[in-house]
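For the numbers below, each heavy atom of this structure counts, side chains included, while hydrogens, waters and symmetry mates do not. Just so we're on the same page: letters track the sequence lines, and every chain starts at 1.
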Protein chains: 2
Amino acid sequence: MSKEKVKATEDVILDAAMKVFTRRGFAGARMEEVAKEAGINRALLHYYFRDKETMFNLIFETRFNEFFSGIARILSSDLPLFEKIRQVINHEIDTLTKHPDIPRFVIMEVASQPERLIQYGQKMGFNPRQMLTNFTQQVEIAIESKEIIPIDSRQLLMNVMSTCIYPFVAKPIIKTMMQMDENSFTSMMEKRKKDLYDFIVKAITP
Amino acid sequence: MSKEKVKATEDVILDAAMKVFTRRGFAGARMEEVAKEAGINRALLHYYFRDKETMFNLIFETRFNEFFSGIARILSSDLPLFEKIRQVINHEIDTLTKHPDIPRFVIMEVASQPERLIQYGQKMGFNPRQMLTNFTQQVEIAIESKEIIPIDSRQLLMNVMSTCIYPFVAKPIIKTMMQMDENSFTSMMEKRKKDLYDFIVKAITP
DNA sequence: GACACTTTTAACAATTTTGTTAAACAATTA
DNA sequence: TAATTGTTTAACAAAATTGTTAAAAGTGTC
């Protein structure tokens, strides 16, 4: 069998595993469901990947990276503060519109095993503990120069992240409460990029 | 054995189940862990409660109610807009400081079975779909009277809820990233009541 | 203390889920 | 085409988890 075919099968399995693990979490995921989703036999999963945990680690690493790497890059860049905030908002809403289940998945699994955060952070080459130092300093400088009003930089960052990410974490609840279908949710998020940026800028501008 | 003792045992079990289910979710929870946490034997769980699902439903109902009832009451009250926002913030931060795992639990379980939202909402006597109508109208009136700037009421509500709830949902991540222990997290949230209110008011005041 | 009653446990049974293996099958190549 | 290698499956085995039961232990009452 050709290399391409092997790769294809591996990818089919990984895609299926991604869906199932992200949907159900590690504890709720069933190897049977992964196999079914991939259109193959359960034994084949074990042929390509040792066991459930091995598969899960691959998936988690990917999702963890998707969740953190973009934001880490932007936060530690040397963009001006307001532009940085705009880019964080746009980046989060864009990627989470494509992969809305990522934050719920990552948060859930980190909550059930917090040590993963440090562990995978190191693996991915960024230290979650230091992601914020650049941003914090930048906020303090902007305060001193009266570019923005005095504000606790941690609170500001929490506001930015919360308003971007929470709507996707709570998407099933929000969709129901606000009587939105998939399309209206997406278009609302698209609109949100601007609305949210304006909201935050107005809140911190002197 | 006395009625009090029975009640006590039931409560011990429910408390234990609450902890374990909230920590692990339905799929991740083990009856053995519940029994251990309660300091009893697994068979006894089945003596007091039929099975895992029955126990889970009791827990879920309680947590679901804790998550929604307070906020529903405040949102549909006839308080002035700003006061309503302040109360939402204070209520959320206070109750979630006491029970920080509630939103992660409820959100996770609703995500894995969205029909629960309508189902339990009806059971608890409030319609998640109508929780927002009062607030929405109030915002529109406030815009017309120039009390606040023009803003999409859904976006505003999403901002308020996100900034209150997300820090608790992502608590393990935030604590690590911001290098906080339990105490500093709590005191930060206490401070957040005021900071967040000011932030939001400034964002919407003309 | 004998009786009726509830609570608790240990041992067992059933079910669900995961992991293994041996053999069939397919593709590649010498 | 036969040998080699890698792929797939069905059947099986093991482990983990849940649920049941019969009997022991405790409690209150007469």
Would you tabulate the side-chain donor-acceptor contacts of residues 158-168 of chain A under 3.5 Å, counting partners in other chains and residues two or more places apart, or write 'none'?
| from | atom 1 | to | atom 2 | distance (Å) |
| --- | --- | --- | --- | --- |
| A:Asn159 | OD1 | B:Arg192 | NH1 | 3.0 |
| A:Asn159 | OD1 | B:Arg192 | NH2 | 2.6 |
| A:Asn159 | ND2 | A:Gln155 | O | 3.3 |
| A:Ser162 | OG | A:Met158 | O | 2.5 |
| A:Thr163 | OG1 | A:Asn159 | O | 2.6 |
| A:Thr163 | OG1 | A:Val160 | O | 3.0 |

Exercise. Which residue pairs satisfy the side-chain hydrogen bond (donor to acceptor under 3.5 Å, both in side chains) criterion with at least one member in residues 88-99 of chain B, sequence neighbours excluded?
Worked result: B:Asp94-B:Lys193

Enumerate all atom pairs, one protein N or O and one N or O from nucleotides 10-15 of chain C, separated by less than 3.5 Å.
none

For this session: Kindly write out the residues that satisfy salt bridge (Lys or Arg N to Asp or Glu O under 4.0 Å) with A:Lys194, not counting sequence neighbours, or none if the list is empty.
Result: A:Asp198

Seminar exercise, completed: Note: contacts of residues 51-59 of chain A with DNA chain C (heavy atom, under 4.0 Å) are A:Asp51, A:Lys52

Problem set entry | Of all pairs that satisfy salt bridge (Lys or Arg N to Asp or Glu O under 4.0 Å), the ones with a partner from residues 74-84 of chain B, not counting sequence neighbours | B:Glu83-B:Arg86

For this session: For the residue pair B:Ser184 and B:Asp181, confirm or rule out a side-chain donor-acceptor distance under 3.5 Å.
Result: yes

Problem set entry | Any residue meeting side-chain hydrogen bond (donor to acceptor under 3.5 Å, both in side chains) with A:Glu66, in chain and number order, not counting sequence neighbours | A:Arg63

Problem set entry | Set of residues satisfying ring-ring contact (aromatic ring centres under 6.0 Å, His included) with respect to A:Phe68, sequence neighbours excluded | A:Phe64

For this session: Please determine if a side-chain N or O atom of B:Tyr48 lies less than 4.0 Å away from the OP1 or OP2 oxygen of C:dT8.
Result: yes

Exercise. Between B:Lys191 and A:Asp152, is the closest basic N to carboxylate O distance under 4.0 Å?
Worked result: yes

Seminar exercise, completed: Of the listed D:dT9, D:dT20, C:dT8, the closest approach to the A:Leu44 side chain comes from D:dT9

For this session: Specify the residues of residues 18-39 of chain A, ordered by number, for which at least one heavy atom lies under 4.0 angstrom from an atom of DNA chain C.
Result: A:Ala29, A:Arg30, A:Met31

Seminar exercise, completed: Computed from five pairs at either end and rounded to 10 degrees, the angle between the axes of the helix from C:dG1-D:dC30 to C:dA30-D:dT1 is 10°

Exercise. Is there any salt bridge (Lys or Arg N to Asp or Glu O under 4.0 Å) pair reaching into residues 164-173 of chain A, and which pairs are they, with sequence neighbours excluded?
Worked result: A:Lys171-A:Glu182

Seminar exercise, completed: Taking D:dG6, C:dT9, C:dT7 as options, the one with an atom nearest any side-chain atom of B:Ile40 is C:dT9

Problem set entry | Non-neighbouring partners of B:Phe21 that pass ring-ring contact (aromatic ring centres under 6.0 Å, His included), sequence neighbours left out | B:Phe56

For this session: Verify the distance criterion only: is there a donor paired with an acceptor across the side chains of B:Asn57 and B:Thr54 at less than 3.5 Å?
Result: no

Seminar exercise, completed: In B:Lys19, B:Arg23, B:Lys52, B:Arg42, the residue satisfying salt bridge (Lys or Arg N to Asp or Glu O under 4.0 Å) with B:Glu33 is B:Arg23

